[in-house]
Number of protein chains: 2
Amino acid sequence: MTLQSVADEVGVSRMTVSNAFSRPDQLSKELRERILATAETLGYSGPDPAARALARGRTGAVGLLLNGPLSEAFEDDVSAEFVAAVADELTRRGLALTVLTPPQGDRFLPARDVAVDGALVYTCDPTSAGVAWLSRRKLPVVAVDQDLGREVTTIGVDDLSGARAGARHLLELGHRRIGVLALTEQFAHDPPNRDRLLGWRRALGEHGLEPVVARTTLLPRSAAFAAATDLLESSDVTAVLCFDDVFARAVIAAATALGRSVPGDLSVVGYDDSRAATVGVPALTTVRQDVTAKGHLAAGAIADLLDGRAARSHVLPTELVVRDSTGPVPAP
Amino acid sequence: MTLQSVADEVGVSRMTVSNAFSRPDQLSKELRERILATAETLGYSGPDPAARALARGRTGAVGLLLNGPLSEAFEDDVSAEFVAAVADELTRRGLALTVLTPPQGDRFLPARDVAVDGALVYTCDPTSAGVAWLSRRKLPVVAVDQDLGREVTTIGVDDLSGARAGARHLLELGHRRIGVLALTEQFAHDPPNRDRLLGWRRALGEHGLEPVVARTTLLPRSAAFAAATDLLESSDVTAVLCFDDVFARAVIAAATALGRSVPGDLSVVGYDDSRAATVGVPALTTVRQDVTAKGHLAAGAIADLLDGRAARSHVLPTELVVRDSTGPVPAP
DNA sequence: CTGAAAGCGCTAACAG
DNA sequence: CTGTTAGCGCTTTCAG
């Protein structure tokens, strides 16, 4: 079943059938309906997407390049919300989302071998093979929470200000011995981790203070609990600033296990204002970012690029949300 | 930059260059390396995936057809874990995952217009347009937690037994007035919802009992809390069987808000053994299913189908996990 | 509004 | 091991 079979049946040229499907305004309504009806009868389900992709030079799919185990990307509320927002917005613009997983061998490298018109780079080591392949293919790319150079359209978040706001909030409450729970050194150059750490450091620095830094990983989830326990046992911090809300929950759990109450004995600040911030008790003081907006902007940017329009970089604002996990510094 | 340019430069035929990239065993190691080196120099990044897809008749991408807002699919732990497992296993098999979102208009229907070799159908209304388009395109399909007919390879879960085990557990604890919190009528034919409900009903039926049925939706999350509150206020159930762990948490939250303790005053059984089961207090008694295995099996099945191998249907087992949210029926 | 010509870039099959 | 032949199914451009 091809365009040609339908054309033969109707008695028009293949091109007219193509137009019936792809450019409705190029032929009479009447003829178009006759063609569509015949196609239906013949069981022709429309132009073959692969052939169309080759002829048009566009596949209609946008890649989402992710590094590390996918479980990290999909099992984290924040990433999942981002992916959902991206997929929704891409669909609205007539594009599909293809997941470009990290390669698991040598034969098949998604970033090299999968047909996409462009890609979103998210949660990636900028030096990864995937990023390199995308640029070798000269595909349009939009970086999200990532530094790929000034020429690359980038959608980011003002984590520097967000982190600073969180730290200042603690300082205003009188805290002076403050811990932070960040990602491991492996993420030293990951913008969110880097900027949050920097924002905390700067705010504390304004008071001549230095944070007690603890580091951990997103997975396994138990790692954060262990790191938090260690931080609380090995130092006398009265407050902890966390890389994200999940870490904040881990700190609260660790504090509780050590018999310390939050916010009575310890103040905890999360980040993201994800589901974890409001689902548990106490509700978290956290720094809100609009992940859905980030996804929409990223999808819009890559779509613009594909349409030959310029795409602007954006830095999304953050906002401190004060809830119940922070309070005045405890009396000595 | 095409195969031809590289061929011209090296002075061999285009086919030999193609072989250098795609069938390394078809030419001498020496020649191959010379070709690859030249390609590298010329900035040729390998065969164009779109052209290759047309010529080979295979795109190397598998669709994942989802219905309803993507937020439901991605922001639910269980679905997210499933998607991650699918993507991982597909990558291992040299395939990519393309998300086939529900159509948001008329011009662009992912299930009709996106190039994929086959698709996984998950969380879909079987009568949806998406499913219809896939079958019109005659694409190989694997159904997950879905009834698409006996000819369609299906990966499912033994929810009937799982639900029964949960209900029997409550019966053994002495409960007789039992509520259930299921999905709305809209999901009457959704296999997980249908089978869990059926399993609960049958187990209770063996004791001549009928459950008090409450129904709600996955989103917004507040809906479950409201439904649970209503159930607890309008009936005198001593235990509630829930469609999933998130609902179980909502029931516990509602009970707590009404001044009832779990499991002292009320027993609650979840489903899935997802993160929600163990993250909060009390840890949930729940019915475990292996979502990652489900994802791996589904990906393996569609990959087999694409390779022309037969793919078997599977029904994964479930297992009751007793934790702290269930206890003996309270004294009257 | 319709059709003819000319590929898009690659690969299967087979011959040498 | 290497090259030739013959498309894959569609769209772009441009003339009628």
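Below, read A as the first sequence line, B as the second, and so on, with proteins coming before strands; counting in each chain starts at 1.
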Of B:Thr16 and B:Ala51, whose nearest nucleotide on DNA chain D comes first from the 5' end? B:Thr16
Let me know, please, whether B:Arg14 or A:Ser18 comes out on the 5' side of the other along DNA chain D by nearest nucleotide. B:Arg14
Taking atom [atom2] of [N] as reference, at what distance in whole Å does atom [atom1] of [X] sit?
X	N	atom1	atom2	answer
B:Asp113	D:dC10	CG	P	13 Å
B:Gln4	C:dC8	CD	P	11 Å
B:Leu3	C:dC8	CG	P	13 Å
B:Asp48	C:dC8	CG	P	12 Å
B:Leu31	D:dC1	CG	P	11 Å
B:Asp25	D:dT2	CG	P	12 Å
B:Arg52	D:dC10	CZ	P	22 Å
B:Gln26	C:dA15	CD	P	16 Å

Can you figure out which of [options] approaches the side chain of [X] most closely?
X	options	value
A:Arg23	D:dT13, D:dT11, C:dG9	D:dT13
B:Arg56	D:dT11, C:dA12, C:dT2	C:dA12
A:Thr2	C:dG3, D:dG9, C:dC10	D:dG9
A:Ala55	D:dT11, C:dT11, C:dT2	D:dT11
B:Met15	D:dT4, C:dG9, C:dG3	D:dT4
A:Val12	C:dG3, C:dT11, C:dG7	C:dG3

Would you call B:Asp145 and B:Lys294 a salt bridge, using N to O less than 4.0 angstrom? yes
How far apart are the closest heavy atoms of B:Arg107 and B:Asp113, and which atoms are they? O-OD2, 3.6 Å
If every non-hydrogen atom of A:Ile35 is compared with every non-hydrogen atom of A:Ala20, which pair is closest and at what distance? CG2-CB, 3.8 Å
Could you tell me if B:Thr16 and B:Arg32 have a donor-acceptor pair between their side chains, going purely by distance under 3.5 Å? no
If you look at every strand shown and take non-hydrogen atoms under 4.0 Å, does A:Phe21 touch a base, only sugar-phosphate, or nothing? nothing
Counting the atoms with a prime plus P, OP1 and OP2 as sugar-phosphate, which does A:Leu54 contact under 4.0 Å by heavy atoms, base, sugar-phosphate, or nothing? base
For C:dG9, does OP1 or OP2 lie under 4.0 Å from any side-chain N or O of B:Tyr44? no
Are OP1 or OP2 of D:dC10 and a side-chain N or O of A:Ser22 less than 4.0 angstrom apart? no
Anything under 30° is parallel, anything over 60° is perpendicular, the rest tilted; go ahead and classify B:Tyr44 against B:Phe21. perpendicular
